[in-house]
Amino acid sequence: MWVYVEDLPRHVGEKVELRGWLANRRKSGKLVFLILRDGTGFVQGVVNRAEVDEETFERARRLYYESSVRVTGKVRADSRAPGGVELDVEKIEVIQATTDYPIPKVREENIPDVGKLLAQRHLWIRSRRQWAILRVRDEVQRAIEDFLHQEGFLRLDAPILTTMAVEGTTTLFRTDYFGEPAYLSQSGQLYMEALACSHGKVYCFGPTFRAEKSKTRRHLTEFWMMEPEWAFATLEDLLDLIENLLVYVVARVLERRRRELEMLGRDLTRLEAVQKPFPRITYDEAVEILHKAGLAFTPPDDFGGDEETVISQAFDRPVMVTHYPAEVKAFYMKRDPERPDRVRCVDVLAPEGYGEIVGGSEREDDYETLVQRIREHGLPLEPYQWYLDLRRYGTVPHGGFGLGLERTVAWITGVRHVRETIPFPRMLEKIYP
RNA sequence: UCCCCGGUAGCUCAAUCGGCAGAGCGGCGGGCUGUUAACCCGUAGGUUGCAGGUUCGAGUCCUGCCCGGGGAGCCA
């Protein structure tokens, strides 16, 4: 009977078949230990020379890692096993015998450098570390969707091919749409604003593309963003939603992917600290923190990586920074009536220097003001006509935010670089495999 | 686009002042009945990124190029 590794504890004493790959092999005289993985987990199979025929024992002795196999044996509870169970192997069927796997089986002291691993990303994802990271990614994604549906949001995705910029024209990937120029989406937000006027609470979750010439551990040219948009929401409503969302997501990962976090060596106490309330500070207060830390920072300016790190390290949980100067933020953000040089926006900075994981705002809902902002930002009015319609026909106050999936996963897993948090990262001048 | 670091065995790295190119891991062969990225013995494995230059002699010094990494600018 075919059983997955994660289900083995329910089959102790039974004879089962595992289908998977050899992750490692250790030999000890008349015993061979086969570490098998099948996608759901890892388990050690024990091949005892005294209990199998000579051919099976020889096959086990010579089996090279990353060979694909079907292994039959009896499940045995064993306190020595990390997962609590082992398999007493009776039969090994080799589907394909690998003989020269490109990624070496190595110890901690000589892991290949990251350039070589990235060139083998299609195989690298089989390693324990990458396996654990991507399982956390899946859980983060699911937790976000579960939470938003509980809150009454509908997932209605935005198009990828568009005709206009959301975040600035220099970072658009241009493509050809039947002879007309088109761009890969930088954000689904404008479309979500339209959908919010149809369904009230909506979100999209998909890839976004930014042709930024950035070579840092926080940047990808293709990354996944989750963007809720909420009709009649104020900045304060958004702050509450973000706070509840992040607390929920972290708790879910701690509950369902604790083993993976431990495999990654994550300090779980840092995640357990992620509880309400999150600190809420203004841009001005953030600047004070920078000045107290001795940084030479002159507002109005946006925070760079160094600034974000210093601000976030002042707190043990995500910090929400609001009311940025209007000139450093996007055209669609609504000015604060009490301070017209400030916008009613929020950036959420993850702890431990992981940088901005959420950015959001109330949206400008007045037709004339919005037209003026588009002009001020040097953007063409024509492609935005449908967007302006939203302010012509029943405009309402509303707002939303975008959460960057890869940065969030990097923070939760403790992985330094976002390139490990997506299956196939796209970075500056890197698109293979 | 700019700055910094690097490229030596399949992988990670040594190689003193410019003087015989080495080790660990991995592979292969052997040993070991409880290993947890095992251990022990043996063994094979090299166009020192590429091209040129200096020198009696270059992995080492010089020039150019290629590739990789880190950072900045930029950027939700």
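Atoms considered below: every heavy atom in the structure, side chains included; atoms not considered: hydrogens, waters and symmetry mates. So that the names make sense, note that chain A is the first sequence line, chain B the second, and so on, each numbered from 1.
- Comparing B:rG70, B:rU36, B:rC11 by their nearest atom to the side chain of A:Gln44 picks out B:rU36.
- Nearest heavy atom pair, residue A:Asn244 against residue A:Lys276, reads OD1-NZ, 2.8 Å.
- Residue contacts shown for A:Met333 include a base, since a base heavy atom lies under 4.0 Å away.
- A:Arg342 and A:Asp336 are not joined by a salt bridge, as no carboxylate oxygen comes within less than 4.0 angstrom of a charged side-chain nitrogen.
- For A:Arg62 and B:rG27, the shortest distance from a side-chain N or O to OP1 or OP2 is not below 4.0 Å.
- Taking the ring centre of A:Trp131 as origin, the terminal cationic atom of A:Arg128 falls outside the region bounded by 6.0 Å and 45° from the ring axis.
- A distance of about 32 Å separates the P atoms of B:rA44 and B:rG34, rounded to the whole Å.
- Within the 4.0 angstrom heavy-atom criterion, no nucleotide atom of any strand lies near A:Glu51.
- Distances shorter than 4.0 Å separate some side-chain N or O of A:Arg26 from OP1 or OP2 on B:rA38.
- At a threshold of 4.0 angstrom between heavy atoms, the contacts of A:Arg37 with the nucleic acid are absent.
- Rounded to the nearest Å, the gap between the C1' atom of B:rG26 and that of B:rC13 is 14 Å.
- In this structure, B:rC11 and B:rG24 make a Watson-Crick or G-U wobble pair, each of the two defining distances being under 3.5 angstrom.
- With P as the reference atom, B:rA9 and B:rC17 are 23 Å apart, rounded to whole Å.
- At B:rU36, none of the side-chain N or O atoms of A:Arg25 fall inside 4.0 Å of OP1 or OP2 (strictly under the cut-off).
- Taking only side-chain atoms of A:Arg80, from C-beta outward, the nucleotide of B:rG34, B:rG27, B:rG71 with the closest atom is B:rG34.
- Across B:rC74 and B:rU16, the matching P atoms stand 43 Å from one another, rounded to whole Å.
- Distances shown here put a side-chain N or O of A:Asn24 below 4.0 Å from the OP1 or OP2 atom of B:rA38.
- Atom CG in A:Leu123 sits roughly 18 Å away from atom P in B:rG10 (whole-Å rounding).
- Contact annotation for A:Gly360: base contact, defined as any heavy-atom pair under 4.0 Å involving a base atom.
- Applying the Watson-Crick and G-U wobble criteria (two distances, each under 3.5 Å), B:rG6 pairs with B:rC67.
- Nucleotides B:rA58 and B:rG49 place their P atoms 15 Å apart, quoted to the nearest Å.
- Base pairing of B:rC39: its partner is B:rG31, meeting the Watson-Crick or G-U wobble criterion (both donor-acceptor distances under 3.5 Å).
- In this entry B:rA72 has B:rU1 as its Watson-Crick or G-U wobble partner, both defining distances falling under 3.5 Å.
- In terms of modelled atom types and a separation under 3.5 Å, the side chain of A:Arg210 and the main chain of A:Gln186 share a donor-acceptor contact.
- Close to B:rG30, at under 4.0 Å from its OP1 or OP2, lies a side-chain N or O of A:Arg61.
- For A:Lys116, a side-chain nitrogen or oxygen approaches OP1 or OP2 of B:rU12 to under 4.0 Å.
- Taking the P atom of each, B:rC39 and B:rU54 are spaced 50 Å apart, rounded to whole Å.
- Annotated as syn: B:rC17, whose glycosidic dihedral is within 90° of 0.
- Ring centroid separation for the pair A:Phe315 and A:Phe278 does not come in under the 6.0 Å cut-off.
- B:rA72 and B:rU36 are spaced 42 Å apart, taking the P atom of each and rounding to whole Å.
- Taking the six-membered ring wherever Trp is involved, the centroid distance between the rings of A:Phe147 and A:Tyr248 falls below 6.0 Å.
- In this structure, A:Lys30 does not reach the B:rU35 phosphate: none of its side-chain N or O atoms is under 4.0 Å from OP1 or OP2.
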